[in-house]
Amino acid sequence: QISATLSNKRSNTSVLPEAAPARRDKLGCRRGYKLGETLRSPSHATTAGTDAVGSMSDNDFAFVKRSDGSFSYAILAYRSDEYDQVDRSLEESMAFVLSNSGQTKTIKKNQWGRCVRLVSRAMIQLDEAPR
């Protein structure tokens with residue numbers, strides 16, 4: 001279980017990443033991956049544009065680009081508006097939890113297309129198939 005409680009910057013409420021909303025299943029949940037695990041095959045993820053990534057909700061899963069260039073399995077903890085000191089404006093960002101110990105990475109909207117890959121729908125269907 002994820003032990004970290006993250007502060008939601010929009011509403012100042014606590015968000016527990018493992019608490020899925022009742023509205024639907026967590027998008028991109030894969031039985032074969034654990035938080036922080038490196039993407040094993042390019043077929044497990046899809047390169048998505050900013051719009052597709054922007055449709056993610058809290059507690060959805062994706063692969064997030066790490067500083068070494070690899071992609072790790074992560075869960076979206078919350079969205080927030082971050083102040084960009086260069087542009088002097090607010091920019092939407094997403095905070096992902098990358099490990100059970102609570103390591104996070106925040107990605108600004110202008111980087112979503114390059115740094116976030118959605119879980120391949122074909123792989124999700126394989127995970128959901130009866131065994």
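Just so you know, these numbers come straight off a predicted model, no measurement behind them.
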Set of side chain to side chain donor-acceptor pair (under 3.5 Å) partners for D51, sequence neighbours left out: none
Residue pair D68 / S70, side-chain donor-acceptor N/O under 3.5 Å: yes
Can you name the nearest heavy-atom pair linking V116 to F71, along with the distance? N-CE2, 4.5 Å
Interatomic distance, T104 atom OG1 to Y78 atom OH [nearest 0.5 angstrom]: 6.5 Å
Can you measure from CG (L39) to CZ (R66) and round to the nearest 0.5 angstrom? 13.0 Å
Once rounded to the nearest 0.5 Å, what's the spacing between atom CZ of F96 and atom SG of C115? 10.0 Å
Using 0.5 Å steps for rounding, measure from the OG atom of S57 to the CZ atom of R79. 7.0 Å
All side chain to side chain contact (heavy atoms under 4.5 Å, CB included) counterparts of T47, not counting sequence neighbours: R117
Lys NZ or Arg CZ of R40 over Y73 ring: under 6.0 Å, within 45°: no
Is it true that K108 and E82 have a side-chain N and a carboxylate O under 4.0 angstrom from each other? no
Please check if any side-chain donor atom of S120 sits under 3.5 Å from a side-chain acceptor atom of T46, or the reverse. no
Nearest 0.5 Å, please: how far is CD1 in I75 from CG in D60? 8.0 Å
Rounded to the nearest 0.5 Å, what's the gap from OG on S67 to NZ on K105? Could you check? 6.0 Å
Take L118 and M56, measure what side chain to side chain contact (heavy atoms under 4.5 Å, CB included) needs, and give me the verdict at the end. CA-CA 9 Å; L118 301 180; M56 293 180 67; 3.7 Å; yes
Using the rule given for ring-ring contact (aromatic ring centres under 6.0 Å, His included), can you reason through F63 versus Y33, listing the C-alpha separation, both sets of side-chain angles and the distance that settles it, and then say yes or no? CA-CA 10 Å; F63 292 96; Y33 278 94; 5.0 Å; yes
Show your reasoning for whether side chain to side chain contact (heavy atoms under 4.5 Å, CB included) applies to L35 and L98. CA-CA 6 Å; L35 285 182; L98 298 164; over 6 Å; no
Might you confirm whether atom NZ of K109 has over 12 heavy atoms from other residues, nucleotides or ligands at distances under 6.0 Å? no
Donor-acceptor under 3.5 Å (W112 side chain, G49 main chain): no
